[in-house]
Each structure stands twice: as structure tokens, then as C-alpha cells.
Amino acid sequence: MSIGEPKHAFPEWIIQIIVEHAGEFGRYPINDGTPELLNAIAGWIQRRYGVPLQLDRQIMALNGTREGLFNSVLALCPETSRGQQPAVLVPNPFYQVYAVAALAVGAEPVYVAATRKNGFLPDYGALPPELLDRTEIAYLCSPANPQGAVASREYWAELTQLAERHDFRIFADECYSELYRETPPTGALQVASEMGASPERVLIFHSLSKRSNLPGLRSGFVAGGSESITRLKQLRAYAGSPLSMPLQRVAERVWADEAHVDHNRALYVEKYQMADAILGDVPGYASPQAGFFLWLPVEDGEAATVKLWRETGVRVLPGAYLSREVDGVNPGQTYIRVAMVAPGDEMQRGLKKLRDCLYG
Ligand SMILES: Cc1ncc(COP(=O)(O)O)c(C=O)c1O
């Protein structure tokens, strides 16, 4: 329950596709994605968000979102911003790649608390204008890892307006977008398009890892404005590692199928109902809107993790390991993260032990 590795079954039919296309392991893969894969991704974006994109200019296939979230900073963050060190805004807690990418280009990662008080989403608008003026990139993860918070249409619209006012880009990590309970989360590019904002403001990052239980396939995409995507393609043509052709064929078919995604989502919904039943009356418990984690309040996350492991053999992650201390406060300090990835019966046993041990 500590690592967020999806464990539900992936669609079995992908094996046949790999076999059928195995001969293509003998070819260098197409860097940006095969036209068929880009077409399947464009179709998915159109169905899911109602945004029409040019497949050859606005979408690039990725080897999982992680590399894209990192490489996009290399490709798009300038060395200076209005003569100063560029800033990269990072929600706190966060997926560690955001900070490493900022540090790799000599930018300043600015950690902005995403706590219960602000609905677990960072309030970038409250930052000093001088800081926003040298901001080049703002990361936002929605649905958020670890808290499962979902940015509303209004949140995205405000962030987009802020980005236009201070001239920065939004990197929207939406890799948990399909693991919602009832309502599909609104997308960042969808809102930018509805507002008539420039698509250059926003890059969205999506993955088959969580949606389709294929973390080992290493397949995702980035989409947004054609200028940004062109620069990313340039970097990737030299430094990137494209997905092999048979696996691009698989990804193409997986993006076109929703039946397995609906089934996957239903399994998580059942597990969250179970979590609500077992932990619902724990003070401060909030049922996450999406994703596959629980973000549980405790007195001290590290102490609780050790106690749980020693006394029950259940392993979770201390919240502080996902966040940074800012002004003496680490917003993850009083939380543990529980990955709800194991099968239902195993989760039930684990959650009951967790409840008895930590909240008994
Ligand atoms: C918030 C977040 N973003 C991105 C990733 C990267 O996933 P992948 O590279 O498999 O698409 C993860 C993986 O756990 C994640 O939790």
C-alpha cells in the first residue's frame, strides 16, 4: 500500500497486438508517434474534452508522462526570466519530478502548499506579483497525487488568466484523469480552449499507466500549443527514447477503447466505498474525488508508518516524503499516503488493520 503501482489487470488483447507487430522491433521507431497513434490520441482528446487538435503539430507521444514532465522543462524554460532566475511553481506535496526538472535547468522551484484549507490545491494567485512575473512554468496535478483533489473549471480558468497576466505556461499533469468516482474531471486544455486562451499556455500530460493499468508499457502523450510541441520534438529527436513500434501499435488500440477503463474505474469506486465504510468516521477523513490514494491525517506520518509496519505488516508512505518544508512547515508531516492498488479483499484486510492500529 506504499507504492502507487497499478495492480488491476490490463486488457489481455494487447498481447496479440504485440505478437502481430513483433516484426517492427526490427525498425527504429517513429520519434513523435506513428500517425495512427497520434490519430487515436487526438480522437480520445476530442471525445473526452471536445478539443480538436492537429495531430502532427499539437500532440507528441511520450514514453510515459514522467519523461515528458521532466523534458518539457528542459525544452521550454529559458535560462533567465526578465533578467532574473526563472521560477517554477510546484504544488506541495507533489510528484518529485517537478522539482528535479526545475533544479536541472537552474530554475527556482517554488513550493506552494496544497492543504485542506485550500481544498488541497495550491493558491498560486496569492503569490507576490514579482515572483509571478519571473515564473515560467506552473505545475498542477489534477486529479492530485497524493490528495485526490480535482481542479474545477473555475480553478483552471483562474490559473489560465493568471498565466496570461504573468506570461507563464501551465503544465497540467492529468495522468489520473480517468480514475474518477462519478464525474469526469475537467481538463486544463479544455478550459483554455473554452476561454479562447492560447493553447501555448497549457501542456497536458496523459498516460496509459493508470488509465489502463499499463505502467510497464511506458506510454503517454503531451498535447498543447504547436510552438511548445515543436520545441519538445526538437529536444526529443536528440535526447528522447521513443516507444518501440509494436508498443505504439498497442497504445493506439488502448486509447481507442473505453470498456476496460470503465471496468477499471468501477473497481476503484468499490474500493473507495469500502474505505469510506471502514474509515469514514475518522476525524479529518476526506473521501478523495479521484485517483487511487488515500491521504489520511495522523499525528506524525513517519511515526504512524513505522508503528503500522511493526505492528501489522501494512506498509504505507509518510506524507512528508512527498513534500518539502517551507517556513518551518511541512504540509505532508501529519499525513500518510495509502495506495489503493491491491485487490479488494487485500485492501479490506489492510484498511481494517490500519484503522485498528492507528485510529483504534
Ligand atoms: C502525479 C504523477 N505524475 C506522473 C507520473 C508518471 O507516470 P507515468 O510515467 O507512468 O505516466 C506518476 C506516477 O506515479 C504520478 O503519480
Side-chain angles (χ1 to χ4, degrees), residues 1-8 10 14 33 37 41 44 59-73 88-102 109 111-112 114 120-122 137-151 170-180 185 187-188 203-223 232 236 240-244 247-248 250-251 254-255 261 264 268 288-295 316-317 319 321-324 332 335 337-342:
M1 289 154 69
S2 61
I3 305 287
E5 182 178 71
K7 298 215 183 299
H8 299 163
F10 57 75
I14 72 164
L37 171 56
I41 293 171
W44 183 81
I59 306 170
M60 189 179 77
L62 292 175
N63 207 320
T65 43
R66 185 177 61 197
E67 63 111 338
L69 288 161
F70 181 84
N71 283 324
S72 300
V73 178
V88 172
L89 309 184
V90 175
N92 194 19
F94 59 98
Y95 184 56
Q96 301 298 302
V97 171
Y98 311 158
V100 176
Y111 305 105
V112 184
F120 293 118
L121 294 168
I137 290 156
Y139 279 103
L140 194 82
C141 187
S142 170
N145 170 7
Q147 312 96 319
V150 171
I170 300 166
F171 285 5
D173 182 353
E174 299 182 335
C175 68
Y176 292 93
S177 66
E178 303 317 287
L179 306 187
Y180 52 86
L203 286 180
I204 57 168
F205 296 85
H206 282 259
S207 174
L208 294 178
S209 299
K210 288 70 160 130
R211 172 188 182 269
S212 304
N213 301 312
L214 288 165
L217 183 69
R218 308 310 303 137
S219 181
F221 71 81
V222 54
L232 270 170
R236 211 156 180 285
S241 167
L243 198 65
S244 70
L247 303 188
Q248 293 198 37
V250 168
V254 176
W255 282 113
V261 186
N264 189 33
Y268 285 117
Q289 287 171 274
F292 56 42
F293 296 110
L294 294 176
W295 187 237
V316 297
L317 196 70
Y321 292 11
L322 297 159
S323 45
R324 289 284 189 289
Y335 286 90
R337 191 190 75 174
V338 180
M340 299 268 285
V341 288

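We count ligands from 1, going down the list as the structure has it; atoms in each ligand are counted the same way. Quick note: numbers below take in every heavy atom, side chains included, and nothing from hydrogens, waters or symmetry partners.
- Of the heavy atoms in Glu67, none comes closer than 4.0 Å to ligand 1.
- An N or O contact shorter than 3.5 Å links Lys210 to ligand 1 by distance.
- Rounded to the nearest 0.5 angstrom, Arg66 CZ and Asn71 CG are separated by 11.0 Å.
- Heavy-atom separations between Gly4 and ligand 1 are all 4.0 Å or longer.
- Every residue meeting the side-chain contact (heavy atoms from CB on, under 4.5 Å) condition with Cys141, not counting sequence neighbours, appears here in chain and number order: Tyr98, Asn145, Asp173.
- Every atom of ligand 1 is numbered from 1 in the order shown, and the set under 4.0 Å from a heavy atom of Ser209 is 8 (P), 10 (O), 11 (O).
- Summary of contacts: the protein heavy atom closest to atom 3 (N) of ligand 1 is Asp173 OD2, 2.6 Å.
- When only non-hydrogen protein atoms are considered, atom 4 (C) of ligand 1 lies nearest to Tyr95 CE2, 3.3 Å.
- Here's the thing with Tyr98: none of its N/O atoms is less than 3.5 angstrom from an N/O atom of ligand 1.
- Distances from ligand 1 to the non-hydrogen atoms of Gly220 include no value under 4.0 Å.
- Numbered from 1 in the order shown, with element, the atoms of ligand 1 that lie under 4.0 Å from a heavy atom of Gly64 read 9 (O), 11 (O).
- Aromatic ring pairs are classed by plane angle as parallel below 30°, tilted from 30° to 60° and perpendicular above 60°; the pair Phe221 and His206 is parallel.
- Between Tyr268 and His8, the ring planes lie tilted relative to each other; the angle falls in the 30° to 60° range.
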Under the side chain to side chain contact (heavy atoms under 4.5 Å, CB included) criterion, do Phe205 and Ser72 qualify, and how do the steps go?
-> CA-CA 10 Å; Phe205 296 85; Ser72 300; 3.4 Å; yes

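- Protein heavy atom in closest approach to atom 9 (O) of ligand 1: Arg218 NH2, 2.7 Å.
- Among all protein heavy atoms, the one lying closest to atom 8 (P) of ligand 1 is Thr65 OG1, 3.3 Å.
- Take Arg211 and apply the salt bridge (charged side-chain N to carboxylate O under 4.0 Å, His left out) test, not counting sequence neighbours, and it matches Glu258.
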Between Arg236 and Glu67, is a salt bridge (charged side-chain N to carboxylate O under 4.0 Å, His left out) present by the stated rule, with each step listed?
-> CA-CA 10 Å; Arg236 211 156 180 285; Glu67 63 111 338; 2.6 Å; yes

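- The distance from ligand 1 to the heavy atoms of Cys141 drops below 4.0 Å at these ligand atoms: 1 (C).
- Using a 4.0 Å cut-off between heavy atoms, Leu69 contacts ligand 1 through its side chain alone, with no backbone atom that close.
- Using a 4.0 Å heavy-atom cutoff, Tyr176 is listed among the residues neighbouring ligand 1.
- Rounding to the nearest 0.5 Å places CD of Gln248 at 5.5 Å from CG of Leu37.
- The OG atom of Ser209 lies 9.0 Å from the OH atom of Tyr176; values are rounded to the nearest 0.5 Å.
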